[in-house]
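Below is one structure, written out as structure tokens; the observations come after it.
Note that the coordinates shown come from a computational prediction; the quantities given were computed from them, not determined experimentally.
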Number of protein chains: 2
Amino acid sequence: MPDSEYRDIRKLDLFAQMADDNFTSLMRGAYVQNFPAQIELITEGEPSDFLHIVVSGSVDLFSTWNGRETSMATVRPISTFILAATIKDAPYLMSARTLEKSRIALIPSQDVRAIFDADSNFARAIVTELAQCYRSVIKAQKDLKLRTSLERLANYLLRQQRHAGGGAAFELDFEKRRLASVLGMTPENLSRAFKGLQPYGVSVTGTRISIDNQADLERFAKPNPLIDDFST
Amino acid sequence: MPDSEYRDIRKLDLFAQMADDNFTSLMRGAYVQNFPAQIELITEGEPSDFLHIVVSGSVDLFSTWNGRETSMATVRPISTFILAATIKDAPYLMSARTLEKSRIALIPSQDVRAIFDADSNFARAIVTELAQCYRSVIKAQKDLKLRTSLERLANYLLRQQRHAGGGAAFELDFEKRRLASVLGMTPENLSRAFKGLQPYGVSVTGTRISIDNQADLERFAKPNPLIDDFST
DNA sequence: CCGACGGGTTGACATATATCAATTGATTTG
DNA sequence: CAAATCAATTGATATATGTCAACCCGTCGG
């Protein structure tokens with residue numbers, strides 16, 4: 001593993017505070033690999049042998065049932081995924097596939113569990129990370145159960161806008177069919193939802209979004225920190 | 001706090017393995033209180049000063065947005081709620097109200113965080129509990145995004161049946177309007193959904209459910225451990 | 001006993017969302 | 001360049017779900 005990557009991983013909240021030698025021994029068992037786009041990294045139901053870290057590229061977490069499929073989340077550098085399965089030594093609940101050419105680090109789950117017991121800073125970081133993940137899913141569930149698809153899209157755009165720096169115009173960070181799945185609707189419906197937001201000053205050209213009337217859109221979307229603020 | 005309650009709480013997965021004196025000091029700051037039915041214990045958005053434990057009775061976790069409300073989960077004895085907010089020292093994402101006369105133990109959040117650092121067995125238990133909670137929400141989200149309301153009801157009935165011992169007839173454990181909210185539908189729709197399951201051998205009399213054709217219902221519901229199995 | 005109340009149900013209807021088919025437009029590929 | 005491909009869009013239509021109003025039927029308190 002190149003030194004720069006090693007340092008990037010070290011800087012993750014999950015690893016930043018732990019003892020040097022614990023981090024080193026965690027990394028000793030780890031390996032890093034490049035994957036092309038559209039490769040299925042893990043499949044739901046399989047045992048969770050490795051904690052995964054996206055070093056570069058991006059990964060889609062999705063689930064299937066009865067022939068249907070839905071996107072649950074997107075993982076971007078640098079962060080981990082399937083931490084909960086690793087901790088519980090339980091089967092993956094979601095599958096993961098690369099969205100683009102990606103570099104993934106794999107840390108044996110048993111090493112993570114062992115170092116957890118040995119390093120209380122690491123333990124605290126894992127707990128914080130898990131609590132964060134839990135709260136994110138709760139927010140997503142509130143979004144799904146309390147809002148219509150039009151409201152979900154409106155709030156998604158406001159979040160994305162803020163994430164992109166807050167300017168009136170910004171880019172969607174993934175293709176619309178995946179956005180539709182993340183928001184819990186069909187691509188056709190997303191297309192109509194964008195039109196439905198035109199009266200509130202939203203215009204779309206390809207992946208470029210422009211919010212021409214911030215106040216109007218916010219009045220419609222009614223964003224709420226207890227749903228839309230990812231940092232708390 | 002009576003001795004029997006003290007021992008019951010001690011037996012919780014969360015506290016079972018921790019050192020005696022740590023448990024004692026955790027309980028020293030705690031207090032237990034009786035609440036009547038329909039009392040709002042916590043309100044979303046407020047700071048999370050206490051970890052809550054339902055000793056007896058039951059508690060509804062719910063959320064609101066823009067005048068709408070939805071039930072997120074029901075907490076029954078003996079288990080904790082809002083662990084994640086306590087750990088992160090962040091605002092509650094959900095409100096909680098007693099469904100019936102209930103006895104609730106309250107442990108100051110800062111004590112939980114302090115003992116976490118001092119007791120690695122407690123730390124591990126918290127991580128396991130949080131991972132469990134996280135996975136439960138992921139399952140709930142898959143249920144919501146991948147299934148129709150009829151399918152959700154069918155699978156709920158199968159889960160409830162198993163929970164009740166597996167017999168052909170069993171009782172719903174809460175009122176239908178709340179069940180509707182938990183399943184993400186209106187009471188009217190739930191009523192129709194029950195009718196929609198009649199062809200699969202489901203009959204309903206008040207809160208009593210009878211599954212007359214197990215195989216038929218399962219063929220329709222297609223239960224899946226990665227969504228419906230709460231233990232993994 | 002009566003009447004108020006609340007949960008549950010039902011029917012009629014409105015709205016939201018999905019589905020299917022066809023088209024466009026951009027990109028890739030031979 | 002032309003054919004093939006695929007995401008995105010659009011229109012027509014079907015299905016799912018919500019809303020509103022009415023009603024039923026227990027329970028509870030006067």
Side-chain angles (χ1 to χ4, degrees), chain A residues 36-38 60 62 65-71 74 97 99-101 143-157 171-199 202-209 220-221, chain B residues 36-38 60 64-71 97 99-100 143-157 171-199 202-209 220-221:
Chain A
Q38 305 299 337
D60 182 34
F62 64 100
W65 178 80
N66 192 27
R68 298 166 211 165
E69 175 180 321
T70 189
S71 261
T74 303
R97 75 162 76 90
L99 287 169
E100 53 192 307
K101 197 163 164 301
D143 194 43
L144 271 175
K145 290 185 77 175
L146 290 168
R147 290 171 170 163
T148 66
S149 59
L150 200 59
E151 290 163 345
R152 289 200 295 278
L153 176 61
N155 280 290
Y156 172 82
L157 293 179
E171 297 282 330
L172 290 177
D173 58 353
F174 41 59
E175 60 178 0
K176 290 180 184 170
R177 54 175 34 242
R178 285 204 55 252
L179 176 57
S181 184
V182 168
L183 293 177
M185 54 176 128
T186 58
E188 294 95 326
N189 229 339
L190 176 63
S191 213
R192 292 175 187 121
F194 273 121
K195 291 212 158 164
L197 290 180
Q198 275 177 11
V202 174
S203 45
V204 186
T205 316
T207 59
R208 185 151 196 87
I209 308 293
F220 170 74
Chain B
Q38 305 300 337
D60 182 35
T64 58
W65 178 79
N66 193 26
R68 300 166 209 166
E69 175 180 322
T70 189
S71 261
R97 75 162 75 89
L99 287 168
E100 53 191 308
D143 194 43
L144 271 175
K145 291 186 77 175
L146 290 167
R147 289 172 171 162
T148 66
S149 58
L150 201 59
E151 290 163 345
R152 288 200 296 278
L153 175 60
N155 281 290
Y156 172 82
L157 292 179
E171 296 283 329
L172 290 178
D173 58 353
F174 41 58
E175 58 178 359
K176 290 180 183 168
R177 53 177 37 242
R178 285 203 56 252
L179 176 57
S181 184
V182 168
L183 293 178
M185 54 178 130
T186 58
E188 293 97 326
N189 230 339
L190 176 63
S191 214
R192 292 174 187 123
F194 273 122
K195 292 213 157 163
L197 289 180
Q198 275 177 11
V202 175
S203 44
V204 186
T205 315
T207 60
R208 185 149 196 88
I209 308 293
F220 170 74

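With rounding to the nearest 0.5 Å, the separation of OG1 in A/Thr207 from CD in A/Glu171 is 4.0 Å.
Looking at A/Asn66 and B/Leu146, their side chains never come closer than 4.5 Å, going by heavy atoms from C-beta outward. Residues B/Asp143 and B/Tyr156 fail the side-chain proximity criterion, which asks for heavy atoms closer than 4.5 Å. Side chains of A/Leu172 and A/Leu157 form a contact here, defined as non-hydrogen atoms less than 4.5 Å apart.
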Footprint string (nucleotides 6-20 of chain C, 5' to 3'): B base within contact, S backbone only, - free, heavy atoms under 4.0 Å: -SSSBBB----SSBB
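Chain B approaches DNA chain D within less than 4.0 angstrom (heavy atoms of the protein), and the contacting nucleotides run 5' to 3' from D/dT17 to D/dC20.
Taking every heavy atom of both residues into account, B/Ala154 and B/Ala221 meet most closely at CB-CB, 3.7 Å. Between A/Arg147 and B/Arg68, the shortest heavy-atom contact is CA-NH1, 3.7 Å. Taking all atoms of both residues into account, the shortest heavy-atom contact from A/Gly184 to B/Lys145 is CA-CE, 3.9 Å.
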